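Report on one structure; see the data block that follows.
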There are 4 protein chains.
Amino acid sequence: MSITRFATRLNSFASSPHTFWPDLKGKPSMLQMAERASKAQGLTDLDLNFPDHVSDDPQAVARQISDLGLSINGLAMRYYTNPAFKLGAFTNPDKVVRREAIDLTKRGIDAARAMGSNLMTIWLGQDGFDYNFQVDYAQVWDWEVEGIREVAEHDPDCLISIEYKPNEPRSYSLLPDAATTLLAIHEAGSPNLGVTLDFAHVLYADEQPAFVASLIHRRSRLLGVHLNDGYAKRDDGLMVGAVHLRATLELLRQIRRDGYDGALYFDTFPDASGLDPVAECEVNIATVRRLMAAADRLDHDNRLGNAIERQDAVASQAIVNEALLASA
Amino acid sequence: MSITRFATRLNSFASSPHTFWPDLKGKPSMLQMAERASKAQGLTDLDLNFPDHVSDDPQAVARQISDLGLSINGLAMRYYTNPAFKLGAFTNPDKVVRREAIDLTKRGIDAARAMGSNLMTIWLGQDGFDYNFQVDYAQVWDWEVEGIREVAEHDPDCLISIEYKPNEPRSYSLLPDAATTLLAIHEAGSPNLGVTLDFAHVLYADEQPAFVASLIHRRSRLLGVHLNDGYAKRDDGLMVGAVHLRATLELLRQIRRDGYDGALYFDTFPDASGLDPVAECEVNIATVRRLMAAADRLDHDNRLGNAIERQDAVASQAIVNEALLASA
Amino acid sequence: MSITRFATRLNSFASSPHTFWPDLKGKPSMLQMAERASKAQGLTDLDLNFPDHVSDDPQAVARQISDLGLSINGLAMRYYTNPAFKLGAFTNPDKVVRREAIDLTKRGIDAARAMGSNLMTIWLGQDGFDYNFQVDYAQVWDWEVEGIREVAEHDPDCLISIEYKPNEPRSYSLLPDAATTLLAIHEAGSPNLGVTLDFAHVLYADEQPAFVASLIHRRSRLLGVHLNDGYAKRDDGLMVGAVHLRATLELLRQIRRDGYDGALYFDTFPDASGLDPVAECEVNIATVRRLMAAADRLDHDNRLGNAIERQDAVASQAIVNEALLASA
Amino acid sequence: MSITRFATRLNSFASSPHTFWPDLKGKPSMLQMAERASKAQGLTDLDLNFPDHVSDDPQAVARQISDLGLSINGLAMRYYTNPAFKLGAFTNPDKVVRREAIDLTKRGIDAARAMGSNLMTIWLGQDGFDYNFQVDYAQVWDWEVEGIREVAEHDPDCLISIEYKPNEPRSYSLLPDAATTLLAIHEAGSPNLGVTLDFAHVLYADEQPAFVASLIHRRSRLLGVHLNDGYAKRDDGLMVGAVHLRATLELLRQIRRDGYDGALYFDTFPDASGLDPVAECEVNIATVRRLMAAADRLDHDNRLGNAIERQDAVASQAIVNEALLASA
């Protein structure tokens, strides 16, 4: 098994639109952004948001992406269409809104399948609370698990990957971290469920990426890996390796050993400050290639396993420095 | 069921020793601290650390505490006796050290039972890692779960409560939060396992106390509640309600509704800055009594349930203010 | 001197628009939001964003607000009109963009004055950096100070208040906290400069509100107070006293003693989850009134000063509980 | 100017004492730790704590260190001798204790000078507060500034460097970050004052190391640099470059350009988990040498300056990757 596919966030390619589309009025279309993304050397895949990026004719969208030389890695749900979702999707106090969120997700799964993908990523960022005394915790947990189960059972051949994040937009998410997500997946019980790790969300949740990857591998399965970086205080969406080079390297080594062979998806925000998204994507790919090469070197270095067996962080630091860093 | 017992941290009573023992040389003994603690009006129980606070004759210690008019709520393991524990107790790389940690815990459980208690609290703060590439995550997780299972099976009539904490002394703990602890308990599988919530650890882990109490009640059981407060950035050990009055009130309401009838244990650090520990304990009890009275008022207010059903935080804020705060 | 005015964030009143304007298409206008705000009992003032909320005829806007029974507390700059501001306003790498930001600010100051206000609040959230090796720190600091000085000197009769925030939208702000802001003000040297404290920003910066209020009073002057609350990890925009009742009370006591007599402005985000903004505003006012009454009681309690003189937190906790909380 | 000296924390060398001193009972002496430290290849200097590491005969201590082939970089004050210091050193509520702290510092300065050093580092970690309503902020700030001024004026030929830290042992420090420290230094006004940057404290304060180094260079002077690393949530004391390789490289580049030519001091805690302190120190030196070599390469790369002029983080990321990382 090996990692050969690089995917990226489509909305990044709306960054500084005038530099790419001098005459554009308003925002670029999905297809315009995809076309710009296709300029990034080494990029193989896109993830599309549902419903935003998918028209009424998913197969046509899939063909358009394919014509650009890119594959569709999967779809990702976004619960923005009804303003009532702000107070919750699967856990909204209003039964009608909960139903709408679940039905929208099912339509998204159908669209993914129609596009030839079998991966739907669900980030339930609206399901949470801001205040003490705002929700009945047992009740909203029930709703969350039931909603996850219902959408998972909608199409057993589609993998449903839960992406967690501790905070934002809600002050507290119901699924803030890997372990809580694994509890919810265990309760839901559907075999097509798994987890998507987003590197910056993991840092934000004060977790170590390789540790939670190992835990997910043990208790469920890792269905998606979002690479990016940040300062562990918020979801910064920085370039890969901008801050945590060593933790990124350790994560890549861990998921390769655990057999992950899906795409590496760059969930970065070059558009937040107007950076060039094509160059940014290419730098991300180049950084990952450097880290993969370092991981290869470590795979052939018996000393690392020995150091880890002794939990000797001094020895492993020296060994990893040799593999990762340029020499003095 | 109801909450009627107040316990406290014994080492707090070493604070500013000269004010209580003008002639004392060195540190006060366990019994001297217990005697000082017994001056706190309203205090009913103590938790003792094992092995620090328990001599070779646990029954004699139990009698001494009883003679002071206090009960023993339970024991709490401390892995400080062997400096090698700094690198891990149940997850130490050295098999001999792992065995020593497990055997020490069993002796602690035996001591607890000999003292008439059936509660042992285990905080595995040394089990974790500081560096990337320091541990084999799957291996240390196996060891942690096996260790927990072995000590739980040592005496099925003794409740074993796991207290989690995200960081410190290790940069990352293996059991950092409620959900990870629940996964470990699920894997260990022993029916006498449960969880101890420490309010400041919960904040430190970026959790909401009442939410995790509800999750623990659902998936395992709540065996201990440590009240204190802090600023959510470290384990400050402040007085109850010093910062998070509303979250403390919500937690008390939640655990009463879920049937918790154990002791409320004050895990505060008046000794860290030389505060008067007897007065500090009495203020903690008085604060809890105010919060309990507010919880009583909320229990008789239909409006709160209705507001929570609508997830209407504005309405619940006004209702809780009425129950909690003095009027304008 | 006393605090008698309550102001609020105008954009909050776009929350759940269909409940107030059943037939509204699109977003409510500035005037519609102001009209809705005027329904909040006890509200006296509004702050308007420039240029978003101010048309080409500021005096007409001022009349419209006045006709609703509200005063204008001041204007607040927003640097959103040019997408290039995303990379910086006063510290943008492009000289033309820096000039545009400064000139826009001067037009805002002129508008404030035309509307009868002498207070302009400037939040330089875009001035910062996301990455190591992104900016020349000495250079951007120079530009920031020069920009602040130039806009302050534009109209010496208009107070210019700098509002700081540690992160977001940029990963790191150039003016992240009170002390850095005071250094910049000291270098700028203009006598009409001061600082706006936003309670949730203060928490986000890991500061204690009353401490930084005291520092600002010592070294510059406090020109604005934004009340709200949060969990100290991000800018949550919660209702006043939702989390930090004691710190809010301490801040109110501190600023009253230091002579602050400006408005208390509620910088909360009821619109983020669709809460009722009129009720939310009224609950904020009611909470502040409770806290003001508690502060009054503390002002007449000699014991508090004595406890603080001894830095005896146990005694002061008990005294503040009496003034703040309902009895047991 | 150049950086040629490496210093380290002496207490690190108490780590796992039995591996170095099989027959040692109790803790190693200052001289034993110094002897062990002298085994680290490349180490040139030590910092000693006052009064802990300095006997009544400072000159004798200096000779002993010199005989080991090491120099004394400076002394560092520790306020642990009187338990009353827990509530504050220069800001203690008790005038007698404040005087004791100031006089102890003066004796430390005298000892440093007697040992041939002209550098005293002062970390006022005890000066702060844990609770709202615990201190009179204006009063304790006055005391802090007066104390700093008095010890600085004690010997104008001794450099006094203030080391800041945001939290711990107190929940809030009076001097939590670079900017607040610069305000205090400005008020104290003594020309021999400066600042010590501790990398992990800087992260803990949510600062960027190179930014605050630049600010300190502008407004005062950088007198000490403590290298280590951490996860920005606490003072982890990890090996150099364990987490933030890029920020460490940026800091080294910044301080070299600003003319820093003092020692690089490793303030790490190998003793916290029993790591080998000699190997750890050598790995730290090797890591710094790699980073210095990368900084040299960047100094000769015109592209970096151009990228920074445009604030083009994508370009600078690629350039720094080339200088810092091994190739793919």
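The sequence lines fix the lettering, A, B, ..., with proteins before strands; numbering per chain opens at 1. From a predicted model like this one, the values you see are computed outputs, not experimental measurements.
- Contacts between A:D271 and chain C at a heavy-atom distance below 4.5 Å involve the backbone alone (N, CA, C, O).
- Of all residues in residues 239-249 of chain A, those placing a non-hydrogen atom less than 4.5 angstrom from a non-hydrogen atom of chain C are A:M239, A:A242.
- Contact annotation for C:P166: only side-chain heavy atoms (C-beta onward) come within less than 4.5 Å of a heavy atom of chain A.
- Contact annotation for C:F269: neither backbone nor side-chain heavy atoms come within less than 4.5 Å of a heavy atom of chain A.
- Contact check for A:L238 versus C:D130: side-chain heavy atoms found under the 4.5 Å cut-off.
- Residues of residues 78-91 of chain A lying under 4.5 angstrom from chain C, judged on non-hydrogen atoms, are A:K86, A:L87 in numerical order.
- Nearest heavy atom pair, residue C:Y231 against residue A:Y131, reads OH-CA, 3.7 Å.
- When heavy atoms are compared at a cutoff of 4.5 Å, A:E168 approaches chain C by way of both its backbone and its side chain.
- Put simply, the side chain of A:R234 reaches to within 4.5 Å of the side chain of C:S171, judged on heavy atoms.
- Note on C:G237, C:P17, C:A272, C:G230: by heavy-atom pairs under 4.5 Å with chain A, the leading option is C:A272.
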